[in-house]
Amino acid sequence: MADEVKFPVEATHIMMFARSVADDNPIYYDEEYAKTTEVGHIIAPPTFPRAVAQFDPDYFLRPKVGQKWFGSGKNATGLTEPAKSSGGLHAEQHFEYHRQPKPGDVYTVTTKPGKTWEKTSARAGKLTFTETIQEYRDQNGELVVTSRGVGVKTERPVEQK
Amino acid sequence: MALSASKIKVGDTHEEVVIEDLSRTQLVMYAGTSGDYNPLHSDDLYTKEIAGYPGVFAHGMLSMGLTGKMLTNYVGDGRLKKYGVRFTNQVWPGDSLTAKATVVDIREEDGDKVVDLELATVNQDGKTVVTGTATARVDA
């Protein structure tokens, strides 16, 4: 992630995000219904903050115009010298909510590296864990969400039993 | 409806089937909204031939999102203070997942009554794919 990303929260994005996690709770799309709830307005599902990736200009897991993509096209990968690693997997994710994210919020999301550690796994060889801490502050500078993610790079694909 | 501290006790559980026969299309939907277009989740050719997996698998964050649906259905909308998980096994197309919350504590925090929950999501074979914890504000 870029060190600082602007993340405008929009109702349509929340609606589509809720669909993508198979959650049809009307508080995620129906403004009239949301007004009748304790919260009083549309909110975002708990894992929505990670959708900040959409707004990161450098996000490496999004194909970019004019650049080679490592996924398949004509061949299994668009790269001529594919990376040996399958890339990282997500190991842990933790959110702390200081208030509920809602449409109209504009976050400034700052990303800081956390700890790094290693472990050996019978199923995937050497594992390298990397922690990332993100803070989501709204247009008034108030902290809305704190996120701690842990990624893992595996020495080989995780063996399936 | 939100939970009331007076109506729950340590050891109470709530469980829901959060997805049945997970489709590849659902994975594509999640890629589209989250912005995580890693080919591991939509591109079978790449995933088999380059990454060395049997086929595409779900984003960890999709498993967390599905588990989150059970959680917000249980504690009520806008009540979560903390939600964290570990991804313990991959989730594959065709999987059906059941997410479960167990009450481990009911206490006060910053003047609010809160409940601490332990979370576990299992697939159709009983294999745990997500473990986690959550804290939510509850009524008195």
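Letters go in sequence order (proteins before strands), and every chain restarts at 1.
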Derivation and outcome, side-chain contact (heavy atoms from CB on, under 4.5 Å), residues His90(A) and Met61(B): CA-CA 8 Å; His90(A) 204 169; Met61(B) 288 306 297; 3.3 Å; yes
Chi angles and distances behind the side-chain hydrogen bond (donor to acceptor under 3.5 Å, both in side chains) call for Asp77(B), Thr37(A): CA-CA 8 Å; Asp77(B) 295 325; Thr37(A) 64; over 6 Å; no
side-chain contact (heavy atoms from CB on, under 4.5 Å) between Gln93(A) and Tyr83(B), worked out: CA-CA 8 Å; Gln93(A) 178 63 42; Tyr83(B) 174 30; over 6 Å; no
Verdict with reasoning, Phe95(A) to Met64(B), per side-chain contact (heavy atoms from CB on, under 4.5 Å): CA-CA 11 Å; Phe95(A) 294 109; Met64(B) 185 179 190; 3.6 Å; yes
Residue pair Arg123(A), Asn89(B): steps toward the side-chain hydrogen bond (donor to acceptor under 3.5 Å, both in side chains) verdict: CA-CA 11 Å; Arg123(A) 288 168 63 200; Asn89(B) 274 295; 3.2 Å; yes
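Between chain B and the options Gly78(A), Ala91(A), Pro63(A), the largest number of non-hydrogen pairs under 4.5 Å is found for Ala91(A). Of the listed residues (Leu45(B), Leu66(B), Thr88(B)), the greatest number of heavy-atom pairs within a distance under 4.5 Å of chain A belongs to Leu45(B). Looking only at heavy-atom pairs under 4.5 Å with chain B, the residue among Val52(A), Val145(A), Asn25(A) that has the most is Asn25(A). Between chain A and the residues Gln90(B), Glu49(B), His59(B), Lys81(B), the largest count of heavy-atom pairs under 4.5 Å involves Lys81(B).
Counting only heavy atoms from C-beta outward, the side chains of Thr72(B) and Pro45(A) never approach each other to under 4.5 Å. The side-chain heavy atoms of Phe87(B) and Val150(A), taken from C-beta on, include no pair separated by under 4.5 Å. The side-chain heavy atoms of Arg50(A) and Ser34(B), taken from C-beta on, include no pair separated by under 4.5 Å.
Under the 4.5 Å side-chain heavy-atom criterion for grouping Ile, Leu, Val, Met, Phe, Trp and Tyr, Val114(B) is not connected to Ile106(B) through any hydrophobic cluster. Under the 4.5 Å side-chain heavy-atom criterion for ILVMFWY residues, no single connected hydrophobic cluster contains both Val129(B) and Val122(B). One hydrophobic cluster, built from ILVMFWY side chains closer than 4.5 Å, holds both Trp92(B) and Tyr30(B). Trp69(A) and Leu40(B) fall within a single hydrophobic cluster, where Ile, Leu, Val, Met, Phe, Trp and Tyr side chains are chained together by heavy-atom contacts under 4.5 Å. Using a 4.5 Å cut-off between side-chain heavy atoms of Ile, Leu, Val, Met, Phe, Trp and Tyr, with links allowed through other members, Val56(B) and Leu62(B) fall into the same hydrophobic cluster.
Shortest non-hydrogen contact noted between Gly71(A) and Pro39(B) is CA-CG, 3.6 Å. Shown here for Tyr53(B) and Pro157(A), the closest heavy-atom pair between the two residues is OH-CA, 3.5 Å.
Using a 4.5 Å cut-off between heavy atoms, Leu80(B) touches chain A through backbone and side chain atoms alike. For Glu38(A), the part lying under 4.5 angstrom from a heavy atom of chain B is the side chain only. Residue contact with chain B, scored on non-hydrogen atoms closer than 4.5 Å, involves the backbone and the side chain of Asp23(A) alike. At a 4.5 Å heavy-atom cutoff, the contact between Val158(A) and chain B is made by backbone and side-chain atoms alike. Heavy atoms closer than 4.5 Å to chain B are found in both the backbone and the side chain of Gln54(A). Using a 4.5 Å cut-off between heavy atoms, Tyr59(A) touches chain B through its side chain atoms alone. Contact of Tyr28(A) with chain B is made through the side chain alone, with heavy-atom distances under 4.5 Å. Interface remark: Ala22(A) contributes backbone and side-chain atoms alike to the contact with chain B (heavy atom separation under 4.5 Å). Heavy atoms closer than 4.5 Å to chain A are found in both the backbone and the side chain of Asp36(B). Only the backbone of Asn75(A) comes within contact range of chain B, with at least one heavy atom under 4.5 Å from a heavy atom of that chain.
Separation of atoms CG (Asn38(B)) and CG (Leu61(A)) is listed at 4.5 Å; rounding is to 0.5 Å. Remark: Asp44(B) CG to Ser72(A) OG distance equals 9.0 Å, nearest 0.5 Å. Rounding to the nearest 0.5 Å places CE of Met29(B) at 7.0 Å from CZ of Arg19(A).
Counting non-hydrogen atoms of other residues, nucleotides and ligands closer than 6.0 Å to CD of Glu31(A) gives a total of 12 or fewer. Within a 6.0 Å sphere centred on NZ of Lys119(A), heavy atoms belonging to other residues, nucleotides or ligands number 12 at most. For CD of Glu109(B), the number of neighbouring non-hydrogen atoms (other residues, nucleotides, ligands) closer than 6.0 Å is greater than 12. Heavy-atom neighbours of Arg86(B) CZ from other residues, nucleotides or ligands within 6.0 Å: at or below the threshold of 12. Atom NZ of Lys69(B) has more than 12 neighbouring heavy atoms from other residues, nucleotides or ligands inside a 6.0 Å radius. With a 6.0 Å radius and a threshold of 12 heavy atoms from other residues, nucleotides or ligands, Asn140(A) has its CG atom above the threshold.
Aromatic ring pairs are classed by plane angle as parallel below 30°, tilted from 30° to 60° and perpendicular above 60°; the pair Tyr46(B) and Phe70(A) is perpendicular.
At least one donor-acceptor pair closer than 3.5 Å links the side chain of Gln26(B) to the backbone N or O of Ser20(A).
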